[in-house]
Each structure stands twice: as C-alpha cells, then as structure tokens.
> 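Before we start, here is the structure in question, set down as structure tokens.
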Amino acid sequence: MKNRITILALFLCIGFSALAQKNVNNYRYVVVPLKFDFLSEKDQYRLNTLTRHLFKQKGFEVLFDEEQFPEELDNDRCKALYVNVENEKAGLFATKINIKLNDCFGKKVFKTETGVSRKKDFKEAYTE
C-alpha cells in the first residue's frame, strides 16, 4: 500500500512540474535588440538582422526593440521572449556565441549550445 501511494505521489510531482515549465512555443513574439552588448554598433556584422530572420523562419513574430509593438504586446510585454546573444571568451582563433531567450522578468527560458567558428572575419564567423 505504501508503495502505491509513493508511486502516485511521484507521478503527481512529475506531472505538476511539467505543467509549470515554460516552453518557447508558448510565446508568439520575439524581441531582438538592435545592438547586442558585446558589439559597438547597431546591427554590426548584420548579426541582429540574421537573428531576426532565423526566428521568423521558425514562425515567430519578430520585432526589433526600437520599433513600434502591436497593441497586444504593448499592453502585456510578457507575451514576448527577449533575445540576447552573448560572446564567450575564446582563444585567439575562435569565435564563440550563444543565444539566450529570456521572459519579461529576465528569467532564462532557453539557451542554445555554444556555437564555435574558426573563421577570421567576424561577419563570416557570426553568420556561421
């Protein structure tokens, strides 16, 4: 009898934790900044435009942070994910970046694996 109660409690805990998890697919909008923190100019190396394009291909409505938001998003900013691309410290001959998606409270919803490129030209390396 105790084993059945323990197993039932375990399944309930797993079920509730699965319901509480946030999923990238629960969001309709993605907001991309026009300038990432590690770059010195807006849309340098066209990295911001590329990020926007890739999210559009996956079916999201993508907006730059400086453009006018739809009324639905203007009323509730928590309906969007906010993109942050981070440049990791790499050796002399490598470029490493990851993409993080945060909710409106700054909590991490998703983080990609680190992308590594050995190209010397930053524009080519970030595109790769």
Side-chain angles (χ1 to χ4, degrees):
M1 182 71 168
K2 278 190 170 184
N3 286 340
R4 287 184 182 178
I5 293 173
T6 306
I7 292 172
L8 179 63
L10 181 65
F11 279 117
L12 287 175
C13 289
I14 291 171
F16 286 129
S17 67
L19 290 175
Q21 303 243 345
K22 292 189 177 183
N23 187 347
V24 174
N25 295 325
N26 293 343
Y27 294 89
R28 179 177 174 184
Y29 299 100
V30 174
V31 178
V32 178
L34 270 174
K35 180 183 172 294
F36 292 121
D37 294 336
F38 67 95
L39 297 174
S40 58
E41 299 174 19
K42 289 182 178 181
D43 203 18
Q44 192 172 3
Y45 309 116
R46 297 189 42 84
L47 186 57
N48 306 66
T49 306
L50 176 63
T51 305
R52 180 181 180 164
H53 173 72
L54 293 174
F55 277 106
K56 275 188 175 184
Q57 278 186 331
K58 294 298 179 184
F60 290 98
E61 288 189 40
V62 187
L63 305 158
F64 283 124
D65 61 349
E66 294 182 9
E67 67 182 286
Q68 182 153 358
F69 292 164
E71 187 176 331
E72 175 186 18
L73 186 58
D74 234 1
N75 294 334
D76 185 8
R77 296 285 172 115
C78 289
K79 291 186 178 190
L81 287 172
Y82 298 86
V83 177
N84 188 21
V85 175
E86 294 179 343
N87 189 17
E88 286 191 16
K89 293 286 182 192
L92 185 61
F93 301 108
T95 302
K96 294 183 178 183
I97 61 170
N98 349 352
I99 299 174
K100 289 184 180 180
L101 297 174
N102 299 322
D103 64 9
C104 60
F105 299 110
K107 292 182 182 177
K108 180 178 71 172
V109 175
F110 181 78
K111 179 182 176 184
T112 64
E113 293 181 22
T114 302
V116 181
S117 176
R118 301 240 178 246
K119 303 241 183 201
K120 291 180 183 180
D121 182 34
F122 282 124
K123 186 173 183 180
E124 291 178 19
Y126 289 134
T127 302
E128 184 179 9

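In this text the structure is predicted, and so the values were computed from the model without any measurement.
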> Taking all non-hydrogen atoms of both residues into account, name the closest pair between Ser117 and Ala125 and its distance.
OG-CA, 3.5 Å
> Nearest 0.5 Å, please: how far is NZ in Lys111 from CD in Glu113?
10.5 Å
> Hey, does the side chain of Asn48 reach the backbone of Pro33 with a donor-acceptor pair shorter than 3.5 angstrom?
yes
> To the nearest 0.5 Å, what is the distance between CG on Asp37 and CD on Glu86?
8.0 Å
> Do the rings of Phe60 and Phe55 sit parallel, tilted or perpendicular, given the 30° and 60° boundaries?
perpendicular
> Heavy atoms only: give me the nearest Val32-Phe36 pair and the separation to one decimal.
CG1-CZ, 4.1 Å
> Can you name the closest pair of heavy atoms from Tyr29 and Glu72 and give their distance?
OH-OE1, 2.9 Å
> Does Tyr27 form a side chain to side chain contact (heavy atoms under 4.5 Å, CB included) with Asp103? I'd like the steps, not just the answer.
CA-CA 9 Å; Tyr27 294 89; Asp103 64 9; 3.8 Å; yes
> Looking at Asp43 and Thr49, would you say the former's side chain and the latter's main chain have a donor-acceptor pair under 3.5 Å?
yes
> Would a single hydrophobic cluster contain both Leu54 and Ile97, if residues Ile, Leu, Val, Met, Phe, Trp and Tyr are joined by side-chain heavy-atom contacts under 4.5 Å?
no
> Find the distance between CD (Gln68) and CG (Asp74) and round it off to the nearest 0.5 Å.
7.0 Å
> Are Val62 and Val109 co-members of a hydrophobic cluster defined by side-chain heavy atoms under 4.5 Å apart?
yes
> Got a sec: does the CD of Glu71 have more than 12 other heavy atoms crowding it under 6.0 Å?
no
> Grouping I, L, V, M, F, W and Y whenever their side-chain heavy atoms are under 4.5 Å apart, do Phe110 and Leu63 come out in a common cluster?
no
> Hey, is the main chain of Ser40 close enough, under 3.5 Å, to the side chain of Gln44 for a donor-acceptor pair?
yes
> Measure across Asn98 and Thr114 and return the closest heavy-atom pair with its distance rounded to 0.1 Å.
OD1-OG1, 3.7 Å
> So for atom CZ, which belongs to Arg77, do other residues, nucleotides or ligands contribute more than 12 heavy atoms lying within a distance under 6.0 Å?
yes
> Are Val31 and Val83 co-members of a hydrophobic cluster defined by side-chain heavy atoms under 4.5 Å apart?
no
> For Phe38 and Val85, work out which heavy atoms get closest and say how close.
CE2-O, 3.2 Å
> What closest approach, in Å, do Lys108 and Asn102 show between heavy atoms, and which atom pair accounts for it?
CA-OD1, 3.3 Å
> Atom CG of Asn87 and atom CZ of Phe122: how far apart are they, to the nearest 0.5 Å?
7.5 Å
> Distance check, rounded to the nearest 0.5 Å: Lys79 atom NZ versus Leu73 atom CG?
8.5 Å
> Within a strict 4.5 Å, meaning less than it, do heavy atoms of the Cys104 and Asp76 side chains meet?
no
> Give a yes or no on this: more than 12 heavy atoms of other residues, nucleotides or ligands lie within 6.0 Å of atom CD of Gln57.
yes
